[in-house]
Every structure is written in structure tokens, then in C-alpha cells.
Novice: 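Have a look at this one.
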Amino acid sequence: MKILNKRIRVAVTYFSFGIIFSSQIASAAFVSPLRTKKGMVVSANHLGSDAGLQMLLHGGNAVDAAVATTFAISVVEPFSAGLGGGGFLLMHQGKTGEIKALDFRERAPIKATRKMYLDQYGKVRPNLSVDGYLAVATPGTVAGLYEVHQKYGKLPWKEAIKPAIALAQDGFIVSRVVTPRSMSAYQGRKQSILNNPAARVIFTRNGEFYQPGERLVQRDLAQTLTEVAKNPQSFYTGNIARLIANDMAKNGGLITLQDLKSYKPIWRTPVCGNFRSSRVCSMPPPSSGGVHLLQILNIIGDTDLKSLGWHHPDALHLMAEAMKIAYADRSEYLGDPDFVKVPVQQLISPGYAKTRRAEIIMDRAKPSTEVKPADKKMLQRFISWKPTPTPERLRAKVGALNSPSHESPETSHISVVDGQRNAVSLTFTINLGFGAGVVTPKTGIVFNNEMDDFAAAPGVANAFGVVGGDANAIAPRKTPLSSMTPTIVTENNRLRMIAGTPGGSTIITQLVQVILNVLEYNMDAGAAVSAPRIHHQWRPDELRTEPFGLDPLTLQELGRRGQNVKENAPWGNGNAIVVTPDGGLEGAADIRGEGAPRGF
Ligand code: GLY
């Protein structure tokens, strides 16, 4: 397994209750980060990272590298993300420190309706939003990559697609990428793949998946990529669009030529907040990621976690209670801001966080039934909240400038930093492994099942177990709510770290912990993305832990406080690049996956 190829080191000592526990009780394997000076690309597959590095070495910038890596990942991780899906990116401009956010998430087809997945009794018809053509939303990956490249790329568009075309045309050796991650997608979605003739032909040989050591060639996808390299509009108005629309019409899908033609990526204002001496910026709605990342960090506030010690029960309990509050709010308030009013400023306000922090009882876990979304009237109190001065502005004011597996098979994250400290943090997806299990003949495109990220009915959980209501109800052209959290952290207007991860509803809590690991606990990038983690999403009422993630006394103490601790298979597959105090770069991919940093 690729993980074994990674240099690992073992964290042997944990402090808890003032007692030192040794590695026999709790240990974790961390990857060693790659350290370079100029530029770096980290993705979930070394072939993806190689494609991006190629761009940087040929004079391209972070955007060129991100575009090349995204297309390459679409080929070598057909189960996680690709042209048939969508995503979000944050970019940091080294020169100005400006941070921009691009939404190229899928949109509901024009023919979609609020009750499209309900039967005559108003009950959700299982699987319709997950498997097959009706689950597919209008894809945005090609439009999004073209948009950001047109505005900010340096190399010709077709250069950035070249590595992906070669990987699709010549193939890649499956053994190099088969891991528990890809296998879980292959095995878990096998029937869906077998049900779709085009998918079956590409990904299986007579019904059996390609085996380790075999070469997976995707000629149709190579042809599609070649066409996109010549004319990206072909995906939305040309030959590719016609193939997609015809296939949808034939098989009960809703996407039409009009859906494709009218698809537009949207530049949005990132959500930003201060944490310690850093400024954390992330994706605004229609992702819930940034809002709840900031909300959880705000609730933690100035609690000195570091003095408590890493994974002290008080720290874990506080995080879990904060997570419950955030996901309760998510279920009530989050949705596509072009359709519903999302109280973003209120939810990310430190004042609101303080109010919710006061509800947390440190000695007793509140059952989810007792944790309510914010009362609408109470939220009003924070309506006049204005962003507090950034640490940069604060410092300027006081003149204090003297001191200088089983990881998630769906979704993929890419982190890129170039020599000018431009950075791109990009997460994209086709939702579940192999999306809807739909491939349009002659295109090689695997289509998403992002419609499942809508609330099919109020309070009915989606595939990730998260619930929603009116705010995230289905409507034509609406964007399904996401948890993707591509994030950029700055200090004094300079890049400090970028990070992101797959993992559905767990994405937000993973990011909270990766950021705390770097900013609060001074972990390096490798330890930060690999360290054991916890997750709570309000409903179901369980605090997820990983095998060997917490020592027995900590587990016992959390149980005593009333946390409903449930051990789960490890989740997530994030990556991060941290800017070190000497200005160098330190990058790593999660020990749980097969990702790799590349740099120079
Ligand atoms: N499809 C998972 C997400 O966007 O959160």
C-alpha cells in the first residue's frame, strides 16, 4: 500500500489528565512533510501533483498548476471528482494579499422540482437522488477552470490540459492508485457502474474492475479533454453538450442544452474571520464550509487549548459541543444565497459565538435534542455586527509591527503555492464514489449525484446523514448545499497556510482540526493532516473517533460527560501547505490516502 511508502514517524507521547500515556495506549503515524523553497502542489494522487508541478517548472503560476492538477485528478481519480461534477476554489494573490472565491458547483436542472424525489405519500423514494440520471445536476468543473484560467492563468489553456490528456490516452497503472480509498468507491458503487453500459465498458473488463498492475485507458475521456482544450465551450454549447443532453433525454435525466448553455460560475466574496493572530478565509454559501469553520473557531475563541494539551478532554468536549451548535444552525439556515437569505454575518460573528459558547456546559454533553439552531430573533441582535478589525489592521493601529483506510472516496482537494506566493485551494467533487454511476457514451465523463446534497424533504438525512430544511430545498437552477471548505489562512496579509479535504459532512470539522493543529499546536503540515480526529454533526447524536485515535482514559472521560462516543473507520484525505517562518513551504498529504506533495 502506498501509505507504507511514506516516511512515517510515530507520536509516542500524549498528555491527558496530567498523566503521560505511551504509544501502546495511543499512537499515530504521521507523514513527514515535503519542504521546498519556491513552489508546491499537493493533491490526492502523485500523478495529479506531477501535472501541476510541470506547470510551475514551465513558468506557470498557481492557477495554471491548479488547473492542470484538477484535470489530471479527473482522470486518475474518476471515482472522486471530474468534469461531470463541480467545486469551489479560493485563490490568494501574492502581490496584493487579495483573496477571491469562485463557485463552480453544480446547479439543479431547470426541470428539477422541490418534490422530485417524493412518492405520492410525500415519502422520499430511496436512491433516486443517488443512483442514475435523475441524480445528476448541471456540472461546473470545465466552466470554473476556464473562468479562473482566463482571468489569472499565465500559460496557454491547452498546456494545462495536456498532462490530463496524456494520462487518459496512454492510461495509468491501476496498481499505483488502488488503495482502500479507491477500492471502497469501486466496490461500494459496483452495481451502479455495471448498470450503466458506458461506465461498465470503461471501468470493467467483462464486469470485473481493472486489477492492480493493469493499465486503465480512458480514450473517450481523452477525446473529450482534447475537445475542451481546443474549445471549452464545447462542453456547454457544442458537440459535448449535445452528447450529454441527448443521453439525458434518452435515460430520464433532466439536464438539457439550455441548462448547459446557461451554466455560469460565480465569483463570491469569501467569508473571513480572525483566529488568534491569523485571518482565516474560506468558501461562503452555497458551501456551508466557511461559515461553520469560522463559527466553530469563534466558539473556541480564546480558550487556551495549547496549555490544556493536545486532545485534552476539555478541548475535545468543547470542540464537540461547538460542532453540534454549528451543524444545528447549518440544518436551519444554510442554502444557496441566490435563493434564500443566509445570515452569514450573524453566524460568523464573534458576538454570536460568545452567546452560544455560554450555553456550553463543560461537564455535561448536551444531547442533540437540547441543541437548537439559533433563534431567529436572537440572531437579529448580531445583524449590525461589523467585521472586527483584522489583526493586521489592529497591529498597524497600535504600531506593534516590531515582531515580525478508509478515507473518503468522494471529492478531492488540491493545494498549490507558487514562487510569488499566489495560492489556490480547490476542492471539487462528483459527490459519492463514481457519482451517479452515469457515463454519457463517447464522452468518458462520469456524472455527479450532487442532487443528493439538497434536502429531499425537511429533516430527511442525505447520504452523509446531514439534514436540512427549506433553505436547502430543491429549486430549478439552485445550487445544492455543500460542506467543501477550501481554506486560506494569512498573517499580516501574507500567506500562512492553505488546506482542504474530502469527506462530505466531515470536511468542516476536519478543517477546524487541521487549522488548530498548525496555528494552536504548532504541528508541521504532515502531523496536522494525519493526526487522529473527531467529528460531531449534531445528528446523529454521536461523537465519531478513529481507531486508536483517543486513549482509553480520554474516551472514558468523554463518556462520563455524556458524549455518545462511536468509533468509526478513519475518514478524510486532506492536504495542506504551510508557509514556514523562513518563508519556505512545507506540504503534506493525509496519511489516510495516497496523495503526494511535489515541489521545487
Ligand atoms: N458532495 C459533498 C459536499 O459538497 O459537501
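Note that the coordinates shown come from a computational prediction; the quantities given were computed from them, not determined experimentally. Each ligand, and each atom within it, is numbered from 1 in the order the structure gives. Count residues from 1 along the sequence.
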Novice: Enumerate the protein residues lying less than 4.0 Å from ligand 1, judged by heavy-atom distances, in chain and residue-number order.
Specialist: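 Its neighbours under 4.0 Å (heavy atoms only) are Arg105, Asn431, Glu450, Asp453, Phe464, Ser482, Ser483, Met484, given by chain and number.
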Novice: Answer yes when Arg105 and Asp103 have at least one side-chain N-carboxylate O distance shorter than 4.0 Å, and no when they do not.
Specialist: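 No, this pair does not count.
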Novice: Decide yes or no for Phe447 and Ile430: does some side-chain heavy atom of the first lie under 4.5 Å from some side-chain heavy atom of the second?
Specialist: no
Novice: Is there a side-chain contact between His536 and Glu321, using heavy atoms and a 4.5 Å cut-off?
Specialist: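 Heavy-atom side-chain distance check fails, nothing below 4.5 Å.
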Novice: Identify whether the distance between the nearest side-chain nitrogen and carboxylate oxygen of Arg107 and Asp338 falls below 4.0 Å.
Specialist: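 Salt bridge between Arg107 and Asp338, a charged N being under 4.0 Å from a carboxylate O: no.
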Novice: Residues in side-chain contact (heavy atoms from CB on, under 4.5 Å) with Ala499, at least two apart?
Specialist: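 Counting only residues at least two positions away or on another chain, Ala499 forms a side-chain contact (heavy atoms from CB on, under 4.5 Å) with Met497, Leu511, Val514, Ala576.
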Novice: Within this structure, what is the OG1-CG distance for the pair Thr70 and Leu426, rounded to the nearest 0.5 Å?
Specialist: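 Here the rounded value is 4.5 Å.
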